[in-house]
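All remarks here apply to the structure that follows.
Source: prediction; values computed, not measured.
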Amino acid sequence: MVRLSHERTRLRTLSARERWRQSPNPATAAKFLTALEADASRSEEELQSLILHGAELDGTDEERAEWSIAWGLHLIYQKGKLDDGLRAIEQAAARIPSEAPRLTAQAVLIQTAFGEIPKEEPFPAVTAVSDVPVEVLIARIQWLLVSGRVAAADGLLANCDLGLSAEPRLVGAAIFTKLTMGDWLEADRLIDQHFSAARSSFDAPRLRVFAFFKALSAFYTHRFEDAEHALVDAASLGVPSAETPVSFVGTSILSAYFAVQRGQRTLMKQHLGALDELGYPEINLPAMQRAVVTGRRLVLDGDRKKAVRTLVDAGNALWERGAKVAAAYLYLDGLQLDPDPEMWTDVHSRLKQIDSPVFMHWTEFVDHLVSRDVESVARSVARIQFKRDGINAPQLAQRALDALGADVTDSPALRELQAIASGKTQAAPTNQVELTARELEVAELIASGLSNPRIAEALVVSTRTVESHVNRLMKKLGAQQRSDIRTYLLATGLWS
């Protein structure tokens, strides 16, 4: 697959070169520039010659805008000159009024991905892709997402066609939005759909992008083994084109994270060094910062407090430049490790500004860790296990146990967390079951840790009657053991 993908890339370069030779204009120059940047076998001499000639060409407003965008992206992604690339695109917007919305949108996309987030909402009147250039819609969605207005971004996507013919950047914005909303199933559906299409057509740049998204989705949901497999697929395709630097930055960060996890510090440095060598900046989206790697390294070195400080400081820097969702991710990632009450007080009000169900749930989860409310922590994890929405509940339970420490008083809730972490509990049925008043009473007593004789005493009935109730209850809930009844009650909110 890798060999054929690279062969397809070379064919695209040949095709773009031929179009450029037959009709040399700013648009064909832009497409040829992008093709060369995606082709590892390109000639640097040919690339420099194209840049020299492309800058001198005249054409229609649309063609000139095409070249201005390609040239600005070249400066940013190939030369590491963020300010120069932005300036080139903004100056083109001033020179070509008819193409100003599209060029301005491209500048917003760059800023929201890598730089200072514009304080004013761009294109606030935009509500549908049919009204404007697609770049304008993507720019507005990305600004809303990065700024923490995730539900609003998701609302804009509701009427968008995200099928195989959709603009890749729109699909990427949709995947990031779905992941940030906690809609893991829809995100994975989009990823699988577009990954399969890219594989069928041996489209190396898109294959890399969607392999990265596979890794990111698995990372978000603590399916770390799946994430590593996807990273291998992404890395095998080489450095991406100028259109897709986010995937390369993300792949490098996540690969460095797992290298640290395995104790491969030299490999970690190689992954991060590749970002420095290419001049790629960090991304204003969750899990796209070096602090994620540094924090994990410090945890493995035994310095949790420094890890938390590193993550919170990096979060503060992101928040200051307007990248609120990325900042919130670092806050939550850090304070799950060591729930420091003082730091939590500083960031809690910020986290409430993120308009996303999943961030609200994680904020509540960490709030329980900070207050050392083991019962509420166990309830949160049990609900995740019950929902079966892709999140690795044992991984989360183990993180909670590590954060709570060894001095927590033994209780049914603590034992429940330990059972989930060890994989000894089964998820409760996916559909809520109607329980009679007596069955619910028996279930609550079982969840409290009482034996059958003790339940019989509490209900003033015989032990045999209790055994009958318990057997019927286990069968009704599909429970394999008594602890599954407690998991079910916690997950459905029937017991607290």
Side-chain angles (χ1 to χ4, degrees), residues 145-146 148 150 176 179-182 184 215-224 227 249-250 252-261 268 272 282-320 323-354 356-370 377 380-381 384 390-404:
L145 170 63
V146 169
V150 191
F176 267 117
L179 289 173
T180 310
M181 286 291 288
W184 320 116
L216 188 66
S217 177
F219 182 79
Y220 278 5
T221 52
H222 296 176
R223 295 176 284 126
F224 295 141
V249 174
S252 299
I253 295 289
L254 294 183
S255 296
Y257 177 95
F258 288 116
V260 167
Q261 188 80 357
M268 173 204 77
L272 297 181
E282 293 182 342
I283 310 295
N284 291 328
L285 288 164
M288 298 287 217
Q289 296 78 37
R290 288 170 175 78
V292 174
V293 181
T294 305
R296 193 62 195 158
R297 177 178 59 78
L298 290 167
V299 169
L300 294 173
D301 289 343
D303 197 342
R304 283 178 174 266
K305 292 196 178 299
K306 188 173 181 181
V308 176
R309 185 73 269 169
T310 297
L311 289 164
V312 170
D313 286 347
N316 288 339
L318 285 165
W319 190 275
E320 288 303 313
K324 294 182 178 180
V325 165
Y329 179 88
L330 292 181
Y331 292 149
L332 291 168
D333 190 42
L335 287 156
Q336 281 184 66
L337 299 170
D338 185 18
D340 182 286
E342 185 176 343
M343 288 191 198
W344 184 244
T345 299
D346 292 340
V347 304
H348 194 213
S349 61
R350 290 183 169 184
L351 288 165
K352 288 183 175 180
Q353 297 179 41
I354 307 300
S356 154
V358 73
F359 274 83
M360 292 174 191
H361 294 154
W362 287 123
T363 299
E364 183 182 74
F365 176 73
V366 177
D367 200 30
H368 296 325
L369 286 176
V370 171
V377 171
S380 295
V381 177
I384 285 169
I391 297 179
N392 189 316
Q395 287 272 3
L396 185 61
Q398 188 58 58
R399 276 202 170 194
L401 290 169
D402 291 343
L404 290 167

Might you work through the side chain to side chain contact (heavy atoms under 4.5 Å, CB included) test for Leu285 and Leu145, ending with a clear yes or no? CA-CA 9 Å; Leu285 288 164; Leu145 170 63; 4.0 Å; yes
Apply the test side chain to side chain contact (heavy atoms under 4.5 Å, CB included) to residues Tyr257 and Ile253: give CA-CA distance (whole Å), side-chain angles for both, the deciding distance (0.1 Å), then the verdict. CA-CA 6 Å; Tyr257 177 95; Ile253 295 289; 5.6 Å; no
State, yes or no, whether a side-chain contact exists between [X] and [Y] at a heavy-atom distance under 4.5 Å.
X	Y	value
Val150	Val358	no
Gln398	Val381	no
Phe365	Gln336	yes
His368	Pro339	no
Met360	Thr363	no
Leu311	Tyr331	no
Asp402	Arg304	yes

Give, for atom [atom1] of [X] and atom [atom2] of [Y], the distance between the pair rounded to the nearest 0.5 Å.
X	Y	atom1	atom2	result
Phe359	Gln353	CZ	CD	13.0 Å
Asp340	Thr345	CG	OG1	8.5 Å
Arg297	Asp303	CZ	CG	9.5 Å
Lys352	Glu364	NZ	CD	11.0 Å
Thr310	Gln289	OG1	CD	13.5 Å
Arg296	Asp301	CZ	CG	11.0 Å

Give the C-alpha distance, both sets of side-chain angles, the deciding distance and a yes or no for side chain to side chain contact (heavy atoms under 4.5 Å, CB included) between Leu396 and Trp362. CA-CA 11 Å; Leu396 185 61; Trp362 287 123; 3.4 Å; yes
Shortest non-hydrogen contact from Ala287 to Leu254?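 Minimum heavy-atom separation between Ala287 and Leu254: O-CD2, 4.4 Å.
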List the atom of Pro286, the atom of Leu216, and the distance in Å for their closest heavy-atom pair.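 It is O-CD1, 4.4 Å.
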In terms of relative ring orientation, are Phe224 and Phe219 parallel, tilted or perpendicular, with 30° and 60° separating the classes?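 If you compare the ring of Phe224 with that of Phe219, the planes turn out tilted.
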Strictly below 4.0 Å, N to O, side chains only: are Asp313 and Lys306 in salt-bridge contact?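 Salt bridge flag = no for Lys306 with Asp313.
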Does either side chain, that of Asn316 or that of Glu320, offer a donor lying less than 3.5 Å from an acceptor on the other one?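 No.
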Report the C-alpha distance between Leu369 and Leu335 in whole Å, list the side-chain angles of each, state the deciding distance to 0.1 Å, and finish with yes or no for side chain to side chain contact (heavy atoms under 4.5 Å, CB included). CA-CA 9 Å; Leu369 286 176; Leu335 287 156; over 6 Å; no
